[in-house]
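Some notes on the structure that comes next.
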Amino acid sequence: MVHCAKFDEELPGLLKPPMPGEFGQKLYEQVSQRAWQEWLAHQTRLINEYRLVLAKPEARKFLREEMDKFFFTKGKLTQTGYVPPQS
């Protein structure tokens, strides 16, 4: 269990750091599995809509900044055209 930075709740944590380094360790210690799954969906929309080429350093830098806003700083996220289905 971790105290999830995104949801401000105790939730199941990640099974391992999702990336190497200090930021990966921070994610492992402060992000829940639920928040990570939401991030992966948002990241996929960003990659597709902005046609990011992950081989380019500027694309990886953009996603890293978005990830920091998504989980920790609560900054304004880059918008996508995604509209969730209505039930």
Side-chain angles (χ1 to χ4, degrees):
M1 297 293 273
V2 296
H3 187 86
C4 181
K6 175 74 175 169
F7 296 115
D8 195 24
E9 296 179 50
E10 295 293 322
L11 294 167
L14 300 173
L15 300 178
K16 63 181 183 176
M19 62 180 55
E22 187 176 313
F23 191 68
Q25 188 64 30
K26 181 178 179 181
L27 291 168
Y28 177 68
E29 293 172 356
Q30 300 180 28
V31 171
S32 67
Q33 293 175 16
R34 178 176 144 206
W36 185 252
Q37 291 304 312
E38 286 192 15
W39 162 252
L40 292 178
H42 182 65
Q43 175 184 251
T44 299
R45 287 190 291 273
L46 290 172
I47 291 168
N48 290 337
E49 291 188 26
Y50 291 93
R51 298 172 191 220
L52 299 176
V53 177
L54 299 180
K56 294 185 175 181
E58 60 269 16
R60 293 193 304 271
K61 180 178 184 271
F62 169 75
L63 286 177
R64 167 68 171 73
E65 290 169 354
E66 286 294 310
M67 190 184 308
D68 195 47
K69 288 189 285 188
F70 186 87
F71 291 119
F72 302 114
T73 65
K74 314 290 189 228
K76 183 175 177 167
L77 296 172
T78 300
Q79 296 299 304
T80 66
Y82 176 72
V83 178
Q86 296 180 0
S87 52

With a 3.5 Å cut-off and sequence neighbours excluded, list the donor-acceptor pairs that the side chains of residues 40-54 form with protein atoms.
| unit_1 | atom_1 | unit_2 | atom_2 | d |
| --- | --- | --- | --- | --- |
| Thr44 | OG1 | Leu40 | O | 2.8 |
| Asn48 | ND2 | Thr44 | O | 3.3 |
| Glu49 | OE1 | Gly81 | N | 2.7 |
| Glu49 | OE2 | Gly81 | N | 3.2 |
| Tyr50 | OH | Gln79 | O | 2.7 |

Worksheet item: At what distance, to the nearest 0.5 angstrom, does CZ of Arg34 lie from CD of Gln37?
Response: 12.0 Å
Distance-only donor-acceptor hits, side chain of residues 6-25, under 3.5 Å, sequence neighbours excluded:
| unit_1 | atom_1 | unit_2 | atom_2 | d |
| --- | --- | --- | --- | --- |
| Lys6 | NZ | Phe70 | O | 3.3 |
| Asp8 | OD1 | His3 | NE2 | 2.6 |
| Glu10 | OE2 | His3 | ND1 | 3.0 |
| Gln25 | NE2 | Glu29 | OE2 | 2.8 |

Worksheet item: Any salt bridge between Glu58 and Lys61, counting N to O under 4.0 Å?
Response: no
Discussion item. I need the minimum non-hydrogen distance between Phe72 and Val31, along with the two atoms involved.
Written reply: CZ-CG2, 4.0 Å
Fill in: Nearest-0.5 Å distance, OG of residue Ser32 to CH2 of residue Trp39
14.5 Å
